[in-house]
Amino acid sequence: MAGVTTPALVAAVGEGGGLGLLGAGMMQPSAIEQAIAQTRALTRKPFGINLFIAPQPQADAAQVARMLAKLAPYCAELGLPPPEVPARCAPDFAAQFDAVLEARLPVFSFTFGLLDRARLAALHARGTFVIGTASCVAEAKLLAELGCDAVVAQGAETGGHRASFAVPFDEGQIGLFALLPQVAAAVEIPVIAAGSVMSGAQIAAALLLGASGVQLGSALLATPECGTSPAYKAALAQATDTATQVTRSFSGRPARGLRNRFMQEIGEADIPDYPIQNALTAPLRAAANAQGRAEFVSLWAGQGAALACAEPTAAVMSRLIEEFDALV
Ligand SMILES: Cc1cc2nc3c(=O)[nH]c(=O)nc-3n(C[C@H](O)[C@H](O)[C@H](O)COP(=O)(O)O)c2cc1C
């Protein structure tokens with residue numbers, strides 16, 4: 001989970017019987033190296049890392065200017081200078097990937113697209129297990145054909161951004177209960193279920209529907225090890241089943257989060273594509289997190305967010321395993 005995973009969370013997931021993944025999609029290479037070293041200092045368990053394979057669109061200068069004008073009053077409300085276009089909207093993927101390769105982690109996962117064959121071969125040559133991310137059957141097939149070792153199947157319930165790269169986002173809104181058996185039937189590689197998996201019963205159901213494992217997201221957002229701010233955690237504590245919505249307003253790419261004032265006032269029209277909008281809103285979101293203003297924070301969370309427990313990661317992990325063991 002880019003932006004909120006910490007070395008402490010990754011280590012605690014591993015120690016608790018899972019496989020922690022560092023969400024490094026928005027990190028500079030030096031920060032990636034540091035986070036890997038910090039995680040290694042905290043645990044001897046294996047862990048992996050996740051990067052974004054995102055298109056880099058050309059900015060439409062007029063559209064960006066309109067968005068900067070829209071954002072200016074919110075920046076003023078938080079005591080920030082007027083927003084600006086940063087020199088770079090996202091870290092350089094090639095440099096991020098080189099830092100990851102150098103670290104020789106046992107697991108690499110990616111989302112938003114397809115990794116190129118040369119980089120996949122480089123990972124495999126180092127013995128790394130490679131996981132792709134899909135939000136529909138067509139994407140899962142592309143990842144299997146590419147040579148991935150496993151695929152995450154993300155249902156429409158999923159918190160944050162989904163893979164959504166081969167079909168238009170609106171056509172790929174498949175609930176996990178429907179998606180999982182179709183992906184499992186379509187590919188030979190192991191399938192990892194994602195989409196508001198919050199309990200042992202849901203893990204058992206995912207395995208019955210053809211998954212070999214599950215990917216947790218929202219289930220860990222309220223833990224003390226997670227890098228979610230106090231404002232984010234307070235918003236999660238108020239979440240209900242109807243509290244989330246998919247929006248492009250924060251990042252320029254559809255993502256599910258807790259509904260708030262920014263989403264509602266910015267709306268969905270005339271938003272620059274990811275990663276441009278993500279970069280334009282970054283200072284606003286950082287200041288809002290620091291000032292406890294959840295109305296301007298991208299509160300990424302899945303439809304099951306109300307089931308997230310504010311307890312240590314070790315307790316979440318052991319509860320899920322105990323619930324699962326009692327059923328299976
Ligand atoms: C705050 C947040 C950040 C996320 N960041 C990433 C990411 O960087 N890479 C990725 O592959 N998936 C990311 N996801 C998706 C999760 O890996 C996972 O599939 C998702 O959280 C599962 O849905 P759930 O939150 O409803 O349980 C993120 C999800 C959340 C909630």
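For this chain, numbers begin at 1 and follow the sequence in order. Side chains are part of it too, since the values below use all heavy atoms of this structure and drop only hydrogens, waters and symmetry mates.
When the options I131, V187, L146, I192 are evaluated for a side-chain contact (heavy atoms from CB on, under 4.5 Å) with V151, the one that passes is V187. Evaluated for a side-chain contact (heavy atoms from CB on, under 4.5 Å) with S218, the options Q303, M198, E157 yield exactly one hit, M198. None of L19, L21, T39, I49 except one satisfies the side-chain contact (heavy atoms from CB on, under 4.5 Å) rule with V10; the exception is T39.
Checking side-chain atoms of T247 against main-chain N and O of S249 turns up a donor-acceptor pair under 3.5 Å. In this structure, the side chain of S196 engages the main chain of G304 through a donor-acceptor pair within 3.5 Å. A donor-acceptor pair is defined here as one N or O able to donate and one able to accept, closer than 3.5 Å; such a pair exists between the side chain of N260 and the backbone of A294. Under a 3.5 Å cut-off, the side chain of Y232 and the backbone N or O of W300 do form a donor-acceptor pair. Between the Q277 side chain and the G252 main chain, no donor and acceptor come within less than 3.5 Å of each other. Distance alone, capped at 3.5 Å, places no donor-acceptor pair between the K45 side chain and the V13 backbone. Listed for the D149 side chain is no donor-acceptor partner under 3.5 Å among the backbone atoms of F129. Between the R259 side chain and the T242 main chain, a donor and an acceptor come within less than 3.5 Å of each other. Side-chain atoms of T128 come within 3.5 Å of backbone atoms of L105 as a donor-acceptor pair (strictly under, hydrogens ignored).
A distance of 15.0 Å separates CD1 of I271 from CZ of R253, quoted to the nearest 0.5 Å. The distance from the CD1 atom of I276 to the CD atom of Q58 is 8.0 Å, given to the nearest 0.5 Å. In this structure, OG on S164 lies 7.5 Å from CD on Q154, to the nearest 0.5 angstrom. Here SG of C148 is found 7.0 Å from CG of L115. Values are rounded to the nearest 0.5 Å.
For the pair I266/T281, no side-chain contact is recorded, criterion being any heavy-atom separation below 4.5 Å from C-beta on. Counting only heavy atoms from C-beta outward, the side chains of T111 and F165 never approach each other to under 4.5 Å. A heavy-atom distance below 4.5 Å is found between the side chains of I321 and D325. Using a 4.5 Å heavy-atom cutoff, the side chains of F112 and H161 are in contact. Between L220 and T313, the closest side-chain pair of non-hydrogen atoms falls below 4.5 Å. With a 4.5 Å cut-off on side-chain heavy atoms, V107 and F47 do not count as touching. Between L22 and N50, every side-chain heavy-atom pair lies at or beyond the 4.5 Å cut-off. Residues C309 and R319 form a side-chain contact, since some pair of their non-hydrogen atoms from C-beta on lies under 4.5 Å apart.
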**Stepwise ring pair (Phe, Tyr, Trp, His ring centres under 6.0 Å) check, F93 with F52** = CA-CA 8 Å; F93 175 74; F52 300 159; 9.7 Å; no
**Asked** Could you walk me through whether L71 and M67 pass the side-chain contact (heavy atoms from CB on, under 4.5 Å) check?
**Response** CA-CA 6 Å; L71 295 175; M67 182 49 67; 3.9 Å; yes
**Request:** Please report the C-alpha distance between S318 and E322 in whole Å, then the side-chain angles of each, then the deciding distance to 0.1 Å, and finally whether the side-chain contact (heavy atoms from CB on, under 4.5 Å) criterion is met.
**Result:** CA-CA 6 Å; S318 58; E322 277 164 27; 4.3 Å; yes
**Item:** Chi angles and distances behind the side-chain contact (heavy atoms from CB on, under 4.5 Å) call for I32, L51
**Value:** CA-CA 10 Å; I32 290 177; L51 291 179; 4.1 Å; yes
**Request:** May I have the step-by-step check of side-chain contact (heavy atoms from CB on, under 4.5 Å) for E311 and V316, ending in yes or no?
**Result:** CA-CA 7 Å; E311 55 188 10; V316 173; 3.6 Å; yes
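Shortest non-hydrogen contact noted between A243 and A239 is CB-CA, 4.2 Å. For the residue pair A94 and R119, the shortest heavy atom distance occurs at CB-NH2, 3.5 Å. The two residues P190 and S212 come nearest to each other via the heavy atoms CB-OG, 3.7 Å. Residues L80 and L284 come closest through the heavy atom pair CD1-CA, 3.8 Å. Taking both residues in full, the closest heavy atoms of G210 and V191 are given as O-CB, 4.3 Å, listed atom of the first, atom of the second, then distance. The shortest non-hydrogen separation linking A211 to A193 is CB-CB, 4.0 Å.
Linking Ile, Leu, Val, Met, Phe, Trp and Tyr residues whenever their side-chain heavy atoms come within less than 4.5 Å leaves V246 and L236 in two separate clusters.
The number of heavy-atom neighbours closer than 6.0 Å to CD of E102, taken from other residues, nucleotides and ligands shown, is 12 or below. When the shell of 6.0 Å around CZ of F177 is examined, it contains 12 or fewer heavy atoms from other residues, nucleotides or ligands. Residue-environment remark: CD (E84) stays at or below the threshold of 12 foreign heavy atoms within 6.0 Å.
Under the 4.0 Å criterion applied to side-chain N and carboxylate O atoms, E145 and K141 are not assigned as salt-bridge partners. Salt-bridge annotation for E265 and K70: absent, with no side-chain N of the basic residue lying under 4.0 Å from a carboxylate O of the acidic one. With respect to the salt-bridge test (charged N to carboxylate O, under 4.0 angstrom), the residues E77 and R261 qualify.
For the 3.5 Å distance criterion, the side chains of E139 and S135 qualify, holding a donor opposite an acceptor. In this structure, a donor-acceptor pair under 3.5 Å is present between the side chains of S199 and Q202. Judged purely by distance below 3.5 Å, without hydrogens or angles, the side chains of N278 and S251 never pair a donor atom with an acceptor atom. Of the N and O atoms on the side chains of E225 and T6, not one donor lies less than 3.5 Å from an acceptor on the other residue. Inspection of the R162 and T158 side chains reveals no N or O donor paired with an N or O acceptor under 3.5 Å. A donor-acceptor contact closer than 3.5 angstrom links the side chains of Q63 and D270.
The distance between the ring centers of F250 and F262 falls below 6.0 angstrom.
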